[in-house]
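See below for the structure under consideration.
None of these values were measured; they are calculated from a predicted model.
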Amino acid sequence: MADTAMSGAGSTGGDDPLQRAIWRLRSRGCWTDAAALLTPHLHDAGAAVQRTALLVERCLFTGQGWAEAEDALRVAEAVAHDDDERGAAACERGQLAYAATVLGVRDRSDEARSALGRAAALLSPGSRTRPLLDFRRGLVAEHLADAPQSARPAYRRAHAGALAHGDTLLLSFTWRHLAALSLRDGEVAEARKGFAESLRIREDLGFLIGTAPALAALAEAEPEPEAARLRAEARRLFHLLGGIPTWLADQLHPDKSSPAGV
């Protein structure tokens, strides 16, 4: 299961009461409630894209809510007025198509590539959305095209961009995917470092729904008995959050392991 991300810029909300409330709900897997807080602001393209991103993330974690995400995406596309806004909406279309493909709902790989390519053409070089776009293009390269050699530079660009923009949550995703590629190449120490940093960021931010997958990923780079302890903690959180993300159940089976995950 491939790691995914929506924008983490200002993820905990900062001084904005609305964004703080959205983060509290999102970080615990209450995407529908978080999206509802943005409904009065859908005339604003930024709010419309953020609402779409929340509902797309719900699809990735639960495998449900596809129609609602599609509806939200159409609204975001309709209210976008400039290239950056259109590019951000296209980035979400690419993510939704990627999600449907990687979860086996429907093969929309061509749509994912096309939408992310359109986003790349529209977004300005300094756009805050570009690091997220780079990350998602890396996902498509790694998990749809089976081209990890192309994914690595995309993840590195996303990592550098996330650092430049202070997008701490996105860093947790780029650390994880770079670590997974290192593990694939047999670079266990480098993988352990990346997985550990990703977990640290998610725990610091209180990103609860992403913590169990991060624990399970770190377990792949740790020796026993530490690996068993990490998987046990991941299972505890997974069940505490009602079995989200749904695909993690197979990865947490005692006889099955995988470095990938949200």
Side-chain angles (χ1 to χ4, degrees), residues 3-29 31 34-35 37-38 41 44-54 56-57 60 76 80 82-92 94-95 116 119-120 122-139 151-181 190 193-211 213-214 217-218 261-262:
D3 202 354
T4 58
M6 60 178 277
S7 178
S11 54
T12 58
D15 296 326
D16 186 330
L18 174 61
Q19 292 300 323
R20 287 202 304 272
I22 290 170
W23 171 253
R24 284 194 298 270
L25 291 166
R26 176 198 173 191
S27 65
R28 290 159 176 77
W31 297 280
L37 296 178
L38 289 163
H41 307 283
D44 176 77
V49 167
Q50 185 182 14
R51 180 171 177 268
T52 301
L54 288 164
V56 172
E57 189 172 79
L60 259 301
D82 61 32
D83 283 351
D84 263 27
E85 292 170 353
R86 294 185 187 97
C91 189
E92 293 307 322
Q95 177 71 350
L116 295 179
L122 288 168
L123 292 171
S124 63
S127 170
R128 294 185 68 88
T129 307
R130 188 160 283 277
L132 180 65
L133 171 64
D134 286 333
F135 175 74
R136 289 173 171 176
R137 296 185 90 178
L139 290 178
R152 191 187 301 272
Y155 292 149
R156 284 176 172 164
R157 287 193 301 272
H159 191 84
L163 279 170
H165 288 290
D167 193 339
T168 309
L169 184 59
L170 182 55
L171 282 173
S172 82
F173 288 90
T174 55
W175 272 118
R176 291 237 5 255
H177 273 268
L178 288 168
L181 292 180
E190 189 67 20
K193 174 185 174 183
F195 288 138
E197 187 63 14
S198 175
L199 176 60
R200 181 194 66 78
I201 290 172
R202 293 181 181 199
E203 289 179 335
D204 286 351
L205 292 177
F207 189 50
L208 291 181
I209 56 167
T211 300
L218 179 57
V262 173

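- The shortest distance between side-chain heavy atoms of E57 and I209 falls below 4.5 Å.
- Under the 3.5 Å distance criterion, the side-chain polar atoms of R152 are left unmatched by any main-chain donor or acceptor of L178.
- Looking at R28, its side chain does come within 3.5 Å of a backbone N or O of R24 through a donor-acceptor pair.
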Quiz prompt | Stepwise side-chain contact (heavy atoms from CB on, under 4.5 Å) test for L139 and H177 | solution = CA-CA 9 Å; L139 290 178; H177 273 268; 3.6 Å; yes

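- Residues Q19 and Q50 have side chains that bring a donor and an acceptor to within less than 3.5 angstrom of each other.
- Between F135 and R157 the shortest side-chain heavy-atom distance does not fall below 4.5 Å.
- Looking at heavy atoms from C-beta onward, F207 lies in side-chain contact with W23 at the 4.5 angstrom threshold.
- Using a distance-only test at 3.5 Å, with no hydrogens or angles considered, a donor-acceptor pair links the side chain of R130 to the main chain of S124.
- In summary, E197 and R200 engage in a salt bridge, as defined by a charged side-chain N under 4.0 Å from a carboxylate O.
- Within the 4.5 Å cutoff, the side chain of H165 has no heavy atoms near those of the L170 side chain.
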Practice problem: Any chance you could lay out the side-chain contact (heavy atoms from CB on, under 4.5 Å) test for L199 and W175, step after step, and finish with the verdict? | Solution: CA-CA 9 Å; L199 176 60; W175 272 118; over 6 Å; no

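- Side-chain contact between D84 and L123 is present, with at least one heavy-atom pair separated by less than 4.5 Å.
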Practice problem: Evaluate the salt bridge (charged side-chain N to carboxylate O under 4.0 Å, His left out) criterion for residues R51 and E92: first the C-alpha distance (whole Å), next the side-chain angles of each, then the deciding distance (0.1 Å), finally the verdict. | Solution: CA-CA 10 Å; R51 180 171 177 268; E92 293 307 322; over 6 Å; no

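- Applying the side-chain contact (heavy atoms from CB on, under 4.5 Å) criterion to A196, with sequence neighbours excluded, gives L218.
- By the side-chain contact (heavy atoms from CB on, under 4.5 Å) test, L163 pairs with H159, L171, sequence neighbours left out.
- Counting heavy atoms from C-beta on, the side chains of L38 and L54 come closer than 4.5 Å.
- Residues L37 and L25 form a side-chain contact, since some pair of their non-hydrogen atoms from C-beta on lies under 4.5 Å apart.
- Minimum heavy-atom separation, D15 to P17: O-CD, 3.3 Å.
- The backbone N or O of S198 sits nowhere less than 3.5 Å from a side-chain atom of S172 that would complete a donor-acceptor pair.
- Across every non-hydrogen atom of C91 and A119, the tightest pair is N-CB, 3.8 Å.
- With sequence neighbours left out, R137 forms a side-chain contact (heavy atoms from CB on, under 4.5 Å) with L116, A120, L133.
- No side-chain N or O of T211 forms a donor-acceptor pair with one of R202 less than 3.5 Å apart.
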